[in-house]
Structures are given as C-alpha cells and as structure tokens.
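Computed over heavy atoms, backbone and side chain alike; hydrogens, waters and symmetry mates excluded.
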Number of protein chains: 2
Amino acid sequence: MATIIEVAAAAGVSTATVSRVLSQPGRVAEATRAKVMEVVEALDYRPNVAARSLRTLRAAKILLTVPDISNPFFASVIRGAEEAARDAGYAVVLGDTRHDPEVEDQYAEMLSRREVDGLVFLGHRLPASLEALVARQGASAPVVNGCEYSPEIGVPSVHIDNAAGSADAIEHLVELGHREIGVITGPPISPISRDRLAGALRAAERHGLKDRLHLREGDYGADSAHRAARTLISEGVTALFCFSDEMALGAISAVGAAGLSCPDDVSVIGFDDLPLARFFHPALTTIAQPKGMIGRRAVELLVGILRGSEPAERQLTLAHELIRRASTGPAPNTR
Amino acid sequence: MATIIEVAAAAGVSTATVSRVLSQPGRVAEATRAKVMEVVEALDYRPNVAARSLRTLRAAKILLTVPDISNPFFASVIRGAEEAARDAGYAVVLGDTRHDPEVEDQYAEMLSRREVDGLVFLGHRLPASLEALVARQGASAPVVNGCEYSPEIGVPSVHIDNAAGSADAIEHLVELGHREIGVITGPPISPISRDRLAGALRAAERHGLKDRLHLREGDYGADSAHRAARTLISEGVTALFCFSDEMALGAISAVGAAGLSCPDDVSVIGFDDLPLARFFHPALTTIAQPKGMIGRRAVELLVGILRGSEPAERQLTLAHELIRRASTGPAPNTR
DNA sequence: AGTAATGATGTAAAGGATTACATTGGCAGG
DNA sequence: CCTGCCAATGTAATCCTTTACATCATTACT
C-alpha cells in the first residue's frame, strides 16, 4: 500500500501538499491539485487511518451499543443512527451487549482508549467505566442515551413519552370495554418499563381500575410473555397489554394454546410496532415508536457534542402513535 | 490520558519495559512487572490503539457486513461471529449494507485502508473494490463469505447445503399429500435462492411434480410473500414453500386474508427457523440453519487466514434440519 | 578464573499522516 | 523600482507505541 511519501514523490510535491489536497482542496492551486489527484488514483493511495487518528486524536467513528441485536426493534433505530452518522462523516461501530454489563464495559473501553469519538447506548445502564468521565465532563461528555432514559445518568437522551404511550394503550382497551386487563411488563430495572407501568397505572386509575390490573413481569422476549399470559388467561383477563411486540406475539400464541381466540376472547396490544407486526395473526394493535428518528436524533445530539456546540435540548421526546389493527376488539362481556 | 512515556517515568523503567509488561508479561522480572502494573493502575493508563496499530499494522478488528440487519436471521449469525472473534482477540465492526452495493463498497474500503484486518460478508456479492485483492492474493486474502456461497467469487465460505434443505422441504410437503405446491423464492441474483430452487425442482422431479410447482419471486421480506401468496392461493395451491421465515409469515397472513386456514386449507413451510418462528400462529414448520455456528465458523476461517495457516477446508457445509411444527398438515384433498 | 550462555532491561528507529511555522514568488500600490 | 502582502508550498516536529538490537549483570560450566 502506497504511503503519502510515495505519492508526494511521484507528484513532485511535499507530503504537506498531498495532505492538503485530500483534506482541504481549496487551499491548493488547481493545477497541483489535479496532478496530485492523478497520482493518488494511479497509486490507489488511501490514507492510513491509524496514522491519521494518531495525529489528529480523532477516530471519525462512533460506537452504538444495543442490548439485544436480535430484537428487530433496534434494527430500525440502528438504521436511523447509521444514516445520521454517515451524513456527519462518522462511521458506526455496532456493539451487541446482550444485556451483559461486562460486555457493555468492554465496549465502553473503546471510548476510553479513543478508538471511537463518542458513544450512543440504547440500554438503560451507563457503563461503569464511563461514570467518572460523565461526572467529570458533564454535558460535554460524548455519550448519548437512546430509547431508554434515566435522569440520574446525567447524559442527553432521545426517547418517546413511555408513560403516555402506555396510558394510550390502556385507554384503548378500556374504550373497548375491557375491565380485567393483564399487563406484561419488562424487567423492573428497565426505566422504560417503570415509566410504562406508571403510565398504565395512572390511566387505569382514571377509570377506577387501578386495582384490577393484573401485573406480570416479562423480559421483552416472546418466551417470557407466553408463560405470563398463560397464567393471566387463567385469571380471566379479557385483554393483555405487553410492553413489546415480541411479547405480544408470545401472548397471542398463549391465547391460541389455551383454546381461545384473539381478539374474540382475549385482546392483545403490543408496544414498538415492529415491521412484522402487521403480519402477525391477527395483525397486531400496538403503540408505534419513531424508531429510525430516535436513532437519527441520538446521533445528531452526539455529533453536536463532538463539534463542541452546546446542545439546545438535552432531552428529546418524540411522538408515539397508537396503531389499531386486528388483535384488539370489544370485550367479550360487552353488550 | 497518560502515555506510555509517563508510565515509564513514574515506574522508573523504559517504555520498552512497560510495553513488554503489557504485551508479553513473561519476558519481564516479576518485581518490575508488579511495579509497572501498579503505576498503570494508578495512572489508569490505556495504550493508544492508533499508535499501536500504526506500529504493528494490525487493527485487531474484523469487519462483518450483513445485507439487512433488520432480518433477525442475521442476528444469530452475528452472535456466533462475535463470540468467535472475541475468543480470538478480535473486535467486530458490524456493517449494515441494506443490499446496497455502494454501501458494501464503502465498508470494504475499511479493509483497503487497514482499519480492519479482515472481512466476513454475509451477502452474495464480493464488493468491487476487493476483487483485485482477492484475485491477487487468492486463498490468503482475508475475506470470508458466510451464509451465501458462489464458487466464482473465489473466497472461502461457510453455509448449509441449501439445495438439500430445500429438497427436504418439498419432500415433507409431498409426504403430506400435497401436489399443487407454491414456491416463493428469493431474488434470482441470490445464489442461495438459486440453489434452493434447484433443490426444490430436483425433489419435485423425483415425484413427477416438476411442472406442477408454482414459482413466484420474493425478496425474503414478508410483504413480497404476502403478495405472491395471494395469487398462488387463487391458483389453487395447497402448500406454500417460502425461502425465508419472514416470507412464510407474510404467506400465512395472506392465507388468513383469503378466508382460508393454515394448515387446514394451505400448509406453509419456511426456511431459517427464526427464534420467533415457534410463536407464529400457527407455529411454523421450517428448515433450520445452524445460524450461530455459521457465524462462528466463518470468523474462525478468517482468523486462520490472518494467522497465516492455510485453511484445511475452504468450503464448510454445515447441517440443516427440518423442524416440524403446526403450519404444515395433510393436503385437504387427501383421504 | 575465564568464557559462554542466559535473562533483564534500555536505546532508538520506525510506522504514516497532519499542521504550525517558514519560505518563496508574484503582484499591487506608491 | 521598492515594499508589503498574499497565496502556494515546503520543512520538520509531533502523535504514541512496538521491537530489533545493544548492553549489562548473573550464572553455569570447564
């Protein structure tokens, strides 16, 4: 692989000029520029990133960690983040942490070692190795949280109003006449699960149903919801609100396995609006999140920090939407 | 951030010794090692990767590109790849190419620029910018193909026997008495779709059904299969074989939309065995791929090449398996 | 005791790009 | 024609680490 020295020699200029041609073409005479570019093409020269990043102390990369890459919800977020990063001249390094704090820390090390310029994390935990950094640098620490949001972490974040979305789901079920409603939450450490639970409780309270909510804990995966739904069905609920579409799929499967029909016997509503949700059987009613936009805005926030401009807003709340499909219907006891 | 020079000064040794303590602890006296480590801890020193990689010409990273990160099939492959990479001391940079050759090229550039040491690509196209490299270096080019396989590309690859898997699916349907079978393929540029089609045709031929196969082209996404299934159903097929589980979900949805039942009126069989497949309604019969193992083996092959050992096998064919669930049943005209 | 071998550590040269500062030459204005 | 400025380009230091080679001190052996 050719180096900048060989290019400079072949073009009859100094390395400084070659470097300038590549990074600030305007500061070089047109004739020289053309000549250098010609040689660059001929030698198929590519700047060595290690050398560049050693000198500039910047990596032109941002790290994006997701708690579970097999969750299709994150795929759309990743898409949006990648686009925004590309627009800003950054490449994205993607890390799958599998909800494992140790792996989260390993990835976060990349930031400490300057392998990447910043971090967008979609989980709910700030990796331990970054706590000191965030405490020290505050708002100018190159770390942004997406999807989840915990005020105590102290980093900017992008998310929807989870409590409001959750309340909308409950309102929808109540409107359909449901009174015995099962709620399959996420793990209690997850702030968005807590927010959604709070929203659901508040909405239920408005209708005097607070104590009739049947709560069960899930882990956002279909399996856990399948199990939870089984017992909820035996408790006689007529509707199930799941904190993720995957769990809704597991719940629908449990309804079928119990010999019941969704939505005739049991309505099911999810959360996220996965691309596949409309192909579920029955098509899934759910609370849609603006997934791509969450990713995009999170990266834009991070890039703003990296550029040194103080972000206008440190917390971005995007709009959610109730998508009515076929998995919810009137409560069976309604007449 | 402390540098190795500061550490050396604080520990009263040379930078060479510090470097050795970190990379080859055995070559240093125990007392010195302890002393240096103490300072390393105290100063929270982390080697600068840019400098290291500049000096060693290695990045300790491998690039993994997937054609579509929102396809959960790849998630499991990615998991396996990451594990194997970690075991071998490499980090994984993940790229989502969205089937876009331009994006594929952009990622491949990372290899040319030595930002990564090698590439595992899960698509079916060798990025154009790497053709020269592969032609020049042949088997020692640090490039491996996973899932897909085209002999003409000339790089090692890991995959299942797609033709055989596909034949198994057809055999299963024929065994159940189906004669009018719809097949929803992938795009014809995809070699695995071609292989699966060939396998399906061969199996059909064995039963004299070659000309009764109803072929339609899909794109592995649920949408395309939903549309294709609609017309196939109107043609009177009693079974649908889809080249991906996502398409099978789309097909099942079309069966329901046509007022028919799966599997009573139309059986559906998929391909991949996504983690969610057993929660589909009905639970999906499918051809399972060893997804994690494909990722793991692909990385191991690549690491072998990077270590300079000639790979024992350049083509690895792993085992697939027919998973019988509820979406396939006896043909309705069977008695 | 002298020599060889071994082990521990130090010295200093890369590795490739960027950029502050220096230099050159041309041109405008007086 | 001289001065001063500007644009274009060059010089060389710098970023931080690894590692071949050199050095020195021990130990083992004859």
Side-chain angles (χ1 to χ4, degrees), chain A residues 1-40 43-61 89 91 109-117, chain B residues 1-40 43-61 89 91 109-117:
Chain A
M1 178 66 73
T3 73
I4 199 172
I5 300 181
E6 302 169 46
V7 174
V13 298
S14 73
T15 61
T17 300
V18 176
S19 175
R20 278 189 283 254
V21 166
L22 264 24
S23 51
Q24 359 177 10
R27 308 201 47 68
V28 136
E30 175 52 26
T32 328
R33 201 193 63 80
K35 173 70 185 160
V36 169
M37 283 312 291
E38 197 180 301
V39 176
V40 165
L43 267 53
D44 192 28
Y45 166 74
R46 328 273 167 94
N48 177 311
V49 279
R52 166 179 294 171
S53 131
L54 172 59
R55 181 59 232 236
T56 61
L57 300 178
R58 297 185 319 110
K61 291 197 189 87
E109 284 284 300
M110 295 184 74
L111 187 56
S112 318
R113 285 187 311 242
R114 299 237 114 97
E115 283 186 82
V116 296
D117 298 328
Chain B
M1 176 68 72
T3 73
I4 199 172
I5 300 181
E6 302 169 47
V7 174
V13 299
S14 72
T15 61
T17 299
V18 176
S19 176
R20 278 189 284 254
V21 165
L22 263 25
S23 51
Q24 357 177 13
R27 304 193 42 66
V28 136
E30 175 53 25
T32 326
R33 200 195 63 80
K35 174 69 185 160
V36 168
M37 284 311 292
E38 196 180 300
V39 176
V40 164
L43 268 53
D44 192 28
Y45 166 74
R46 329 274 168 95
N48 177 311
V49 276
R52 165 180 293 172
S53 135
L54 173 59
R55 179 61 229 239
T56 60
L57 300 179
R58 297 184 318 111
K61 292 199 187 84
E109 285 283 300
M110 295 184 74
L111 187 56
S112 318
R113 285 187 311 241
R114 302 234 111 99
E115 281 186 82
V116 296
D117 298 329

Ignoring hydrogens and angles, tell me if any N or O in the side chain of A:T56 forms a donor-acceptor pair with the backbone of A:R52 under 3.5 Å. yes

Take the protein atom [atom1] of [X] and the nucleotide atom [atom2] of [N], then report the distance between them rounded to whole Å.
{"X": "A:N48", "N": "D:dC16", "atom1": "CG", "atom2": "P", "answer": "16 Å"}
{"X": "A:R27", "N": "D:dT9", "atom1": "CZ", "atom2": "C1'", "answer": "11 Å"}
{"X": "B:R20", "N": "C:dA8", "atom1": "CZ", "atom2": "P", "answer": "11 Å"}
{"X": "B:R58", "N": "C:dA14", "atom1": "CZ", "atom2": "C1'", "answer": "17 Å"}
{"X": "A:I4", "N": "C:dA17", "atom1": "CD1", "atom2": "C1'", "answer": "6 Å"}
{"X": "A:E30", "N": "D:dT9", "atom1": "CD", "atom2": "C1'", "answer": "16 Å"}

If you only use heavy atoms from C-beta on, which nucleotide in C:dA12, C:dT18, D:dC16 is closest to the side chain of B:A16? C:dA12

Remember a base hit wins even if backbone is also touched, and classify [X] as base, sugar-phosphate or nothing at under 4.0 Å, heavy atoms.
{"X": "B:T56", "answer": "sugar-phosphate"}
{"X": "B:V13", "answer": "sugar-phosphate"}
{"X": "B:V28", "answer": "sugar-phosphate"}

Contacts of B:L54 and B:G12 projected onto DNA chain C by closest heavy atom; the upstream (5') one is B:G12

Name the residue closer to the 5' end of DNA chain C, choosing between B:T17 and A:P47 according to the nucleotide with the nearest heavy atom. B:T17

Is there a side-chain contact between B:T32 and B:E30 in this structure, where contact means two heavy atoms from C-beta onward sitting under 4.5 Å apart? no

Just wondering, do A:I4 and A:P47 contact through their side chains at under 4.5 Å, heavy atoms? no

Has [X] got a side-chain N or O lying under 4.0 Å from the OP1 or OP2 atom of [N]?
{"X": "A:S14", "N": "D:dG10", "answer": "yes"}
{"X": "B:R52", "N": "D:dT18", "answer": "yes"}
{"X": "B:T32", "N": "C:dT9", "answer": "yes"}

Neighbour count >12 (heavy atoms, 6.0 Å) for atom CZ, B:R113: yes

